[in-house]
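This report concerns only the one structure given below.
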Amino acid sequence: MQKLNWRRIVLKVGSALIAPDQDGCRSRYILTIAQFIVRCRARGIEVILVSSGSVAAGSHLFPSDQPRSVVLKKAMAAAGQTEMIAMWDRFFDFPSAQLLLTHGDLRDRERYQSIRETVFTLLEHGVLPIINENDAVTTDDLKVGDNDNLSAMVAAAADADALLIFSDVDGLYDKNPNLHDDAVLLPEIKSIDDSIYAMAGCATSAVGTGGMKTKIEAAEKATSHGIATYIINGFKEETFNRLLEGDNPGTIFLPYEKPMQDSVHWMTHTANEQGEVVVDGTFDESIEGETGIIRGDEIVEVHGEFAIGDTILVRSEDGTRLAKATANYSSCLLNFIADNEQSEFSEKMQDSIGPVISEKDIALLEKS
Ligand SMILES: Nc1ncnc2c1ncn2[C@@H]1O[C@H](COP(=O)(O)OP(=O)(O)O)[C@@H](O)[C@H]1O
Ligand SMILES: N[C@@H](CCC(=O)OP(=O)(O)O)C(=O)O
């Protein structure tokens with residue numbers, strides 16, 4: 001048995017635990033999770049809750065004979081969210097706060113910092129943050145799409161020590177246990193590679209989103225930030241006692257020994273690129289030991305429109321994704337420099353602005 005040394009944790013609760021009968025919220029499983037939250041807080045552990053279930057909670061308010069269009073699901077989410085938050089809030093004798101986020105919020109560095117500040121202030125004042133995706137307003141471009149990945153982004157933003165994903169299954173199996181009787185539970189995953197993803201199947205419940213694939217993606221995001229990630233069965237009461245005893249009741253994904261620096265992690269796992277620059281073969285050498293990298297003469301092409309401070313992808317001519325980085329130039333200026341690389345004006349401008357990207361604002365991507 002290990003000593004529990006969590007300072008701050010993120011709990012992610014799946015839809016099947018909120019609305020198991022798909023007929024509004026039920027306290028059946030949530031009550032035990034609420035007690036777990038109370039017990040963690042009593043031990044001085046700060047808790048952030050990421051709760052799914054708004055669509056599942058709101059679906060009973062709409063006709064069941066209509067096809068579930070995107071618009072109808074947004075309406076279900078808007079209506080179900082109030083019911084779900086009201087239910088959580090009823091269980092606690094401390095205040096809670098609702099934060100509804102989209103990927104559009106998290107991938108914008110300023111809004112990301114603003115979310116962090118709000119979460120830290122809530123925690124400082126003993127308020128329980130309850131987070132969900134803002135399903136009622138998201139579009140394909142703006143959404144994270146599943147709360148497993150959202151909870152990992154939140155855990156990274158909040159500098160959590162552990163991410164606990166409560167689901168309807170005991171943990172990660174070598175294949176979907178709901179479809180294969182001989183599936184074997186994997187208690188500990190040291191590193192995530194393609195063989196781990198190959199085990200993951202889709203959700204088989206009527207209310208889940210993403211199944212195991214999005215949980216492994218979440219574990220990858222969180223562990224690379226140094227956050228231990230658990231997939232655990234929220235249906236089973238003994239789970240919670242075992243967790244508090246420092247035991248692993250499901251699957252634990254071990255954190256990286258050398259986690260990524262926060263800004264690099266954000267760029268790799270949360271930000272998405274607004275445009276890209278294609279560089280010639282000298283990129284690899286230019287990274288080494290430099291304080292800033294890529295000059296105009298190394299750029300072969302510029303794609304998309306981006307402003308100074310936006311995240312861009314650096315790619316090689318053969319299509320390899322080399323790095324994500326913060327642009328020190330707008331796409332407009334880079335196009336000008338690329339077209340006029342020999343001109344004195346272009347040279348002077350680069351001397352005064354400096355390199356296209358700086359070493360402190362770059363996240364090298366694994367070559368695949
Ligand atoms: N290798 C696997 N191990 C465990 N569960 C798996 C696996 N592959 C697919 N699944 C499915 O993933 C489901 C959990 O994901 P999901 O339904 O999205 O839950 P939640 O609503 O908690 O996010 C399980 O009920 C199971 O059907
Ligand atoms: N944001 C959605 C949940 C999306 C989601 O990831 O659901 P789940 O797989 O049950 O965690 C909702 O509140 O209905």
Side-chain angles (χ1 to χ4, degrees), residues 10-20 22 24-25 29-30 33 49-62 68 70 72-85 87-88 98-103 130-138 142-154 163-187 189 192 195-219 230-236 239 250-251 253:
V10 171
L11 256 66
K12 185 263 169 175
V13 178
S15 305
L17 293 159
I18 305 280
Q22 293 179 65
C25 294
Y29 304 113
I30 299 307
I33 299 177
L49 177 61
V50 175
S51 180
S52 295
S54 65
V55 175
S59 61
H60 71 115
L61 302 169
F62 297 84
R68 279 201 176 192
V70 174
L72 191 59
K73 278 170 88 172
K74 286 180 178 201
M76 288 173 177
Q81 181 69 23
T82 4
E83 195 173 318
M84 190 239 290
I85 286 286
M87 184 193 62
W88 278 118
Q98 172 185 262
L99 282 93
L100 295 176
L101 307 176
T102 65
H103 192 233
I130 306 180
I131 299 176
N132 193 4
E133 179 134 41
N134 196 351
D135 297 304
V137 306
T138 45
L142 281 180
K143 69 182 176 186
V144 178
D146 70 89
N147 276 357
D148 298 319
N149 277 292
L150 176 70
S151 64
M153 292 178 193
V154 167
L163 168 62
L164 314 183
I165 300 180
F166 288 110
S167 189
D168 59 358
V169 65
D170 283 352
L172 175 70
Y173 286 73
D174 61 349
K175 50 193 155 202
N176 189 338
N178 291 328
L179 303 176
H180 303 274
D181 289 340
D182 59 344
V184 178
L185 179 69
L186 305 169
I189 305 292
I192 298 171
S195 68
I196 302 293
Y197 276 104
M199 298 171 189
C202 308
T204 44
S205 78
V207 288
T209 306
M212 260 315 128
K213 178 172 174 278
T214 50
K215 289 174 185 42
I216 297 171
E217 286 169 359
Y230 295 76
I231 298 174
I232 355 180
N233 197 330
F235 286 152
K236 294 187 175 169
T239 298
T251 299
F253 295 82

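Both ligands and their constituent atoms are indexed starting at 1 by order of listing. For the numbers below, each heavy atom of this structure counts, side chains included, while hydrogens, waters and symmetry mates do not.
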Any side-chain donor-acceptor pair under 3.5 Å between Glu133 and Asn147? no
Regarding ligand 2, does Ser52 bring an N or O atom to under 3.5 Å of one of the ligand's N or O atoms? yes
Hey, does Met199 come in under 3.5 Å of ligand 1, counting only N/O atoms on both sides? yes
May I ask whether Ser52 has any heavy atom positioned less than 4.0 angstrom from an atom of ligand 1? no
Any nitrogen or oxygen of Ala16, main chain or side chain, under 3.5 Å from a nitrogen or oxygen of ligand 2? no
For Gly14, the atoms of ligand 1 under 4.0 Å from one of its heavy atoms are 21 (O), 22 (O)
I'd like the name of whichever of Lys213, Lys215, Lys175, His180 reaches closest to atom 23 (O) of ligand 1 through any heavy atom. Lys215
At a non-hydrogen distance cut-off of under 4.0 Å, which region of Ser167 contacts ligand 1 (side chain, backbone, both, or neither)? both
Checking a contact table here: which protein heavy atom is nearest atom 14 (O) of ligand 2, and how many Å away? Val55 N, 3.0 Å
Would Asp135 and Ser54 satisfy side chain to side chain contact (heavy atoms under 4.5 Å, CB included), going step by step from the backbone distance to the final call? CA-CA 9 Å; Asp135 297 304; Ser54 65; 3.5 Å; yes
Does any N or O in the side chain of Asp168 come within less than 3.5 Å of the main-chain N or O of Ala16, such that one atom is a donor and the other an acceptor? no
Atoms in ligand 2 with a heavy atom of Asp146 nearer than 4.0 Å: 6 (O)
What is the closest protein heavy atom to atom 2 (C) of ligand 2, and at what distance does it sit? Asp135 OD2, 3.3 Å
Shortest protein heavy-atom distance from atom 6 (C) of ligand 1, along with the residue and atom involved: Met212 CG, 3.3 Å
Looking at ligand 1, would Gly171 count as a contact under a 4.0 Å heavy-atom criterion? yes
Counting neighbours of NZ on Lys74 that are heavy atoms of other residues, nucleotides or ligands and sit closer than 6.0 Å, is the number greater than 12? yes
Can you tell me if Met76 has a non-hydrogen atom under 4.0 Å from ligand 2? no
Evaluate salt bridge (charged side-chain N to carboxylate O under 4.0 Å, His left out) for Lys213 paired with Asp148, printing each intermediate quantity in order. CA-CA 9 Å; Lys213 178 172 174 278; Asp148 298 319; over 6 Å; no
For Ser15, atoms of ligand 1 separated by under 4.0 Å from a heavy atom: 21 (O)
Which heavy atom of the protein is the closest neighbour of atom 10 (O) of ligand 2, given with residue, atom name and distance? Ser15 OG, 2.6 Å
Does Gly53 reach ligand 2, in the sense of a heavy atom lying below 4.0 Å from it? yes
Asn178 contact mode with ligand 1 (heavy-atom cut-off under 4.0 Å): side chain
Checking contacts here: is it the side chain or the backbone of Ala183 that comes within 4.0 Å of ligand 1, counting heavy atoms only? Could be both or neither. neither
Would you tell me which option among Asp148, Val169, Asp168 has the nearest heavy-atom contact to atom 25 (O) of ligand 1? Asp168
Please say whether more than 12 non-hydrogen atoms of neighbouring residues, nucleotides or ligands are located less than 6.0 Å from NZ in Lys175. yes
For atom 12 (C) of ligand 2, what's the nearest protein heavy-atom neighbour? Residue, atom name and distance, please. Ser54 OG, 3.3 Å
If only atom types and distance count, is the side chain of Thr102 paired as donor or acceptor with the main-chain N or O of Lys143 below 3.5 Å? no
Is there at least one pair of N or O atoms, one from Asn132 and one from ligand 2, spaced under 3.5 Å apart? yes
Would you find a donor on one side and an acceptor on the other, under 3.5 Å apart, between the side chain of Ser15 and the backbone of Ala56? no
Nearest neighbour in protein (non-hydrogen) for atom 9 (O) of ligand 2: Thr209 N, 2.7 Å
Atoms in ligand 2 with a heavy atom of Gly14 nearer than 4.0 Å: 10 (O), 11 (O)
Would you mind checking which non-hydrogen protein atom is closest to atom 6 (O) of ligand 2, with the distance to 0.1 Å? Asn147 N, 2.8 Å
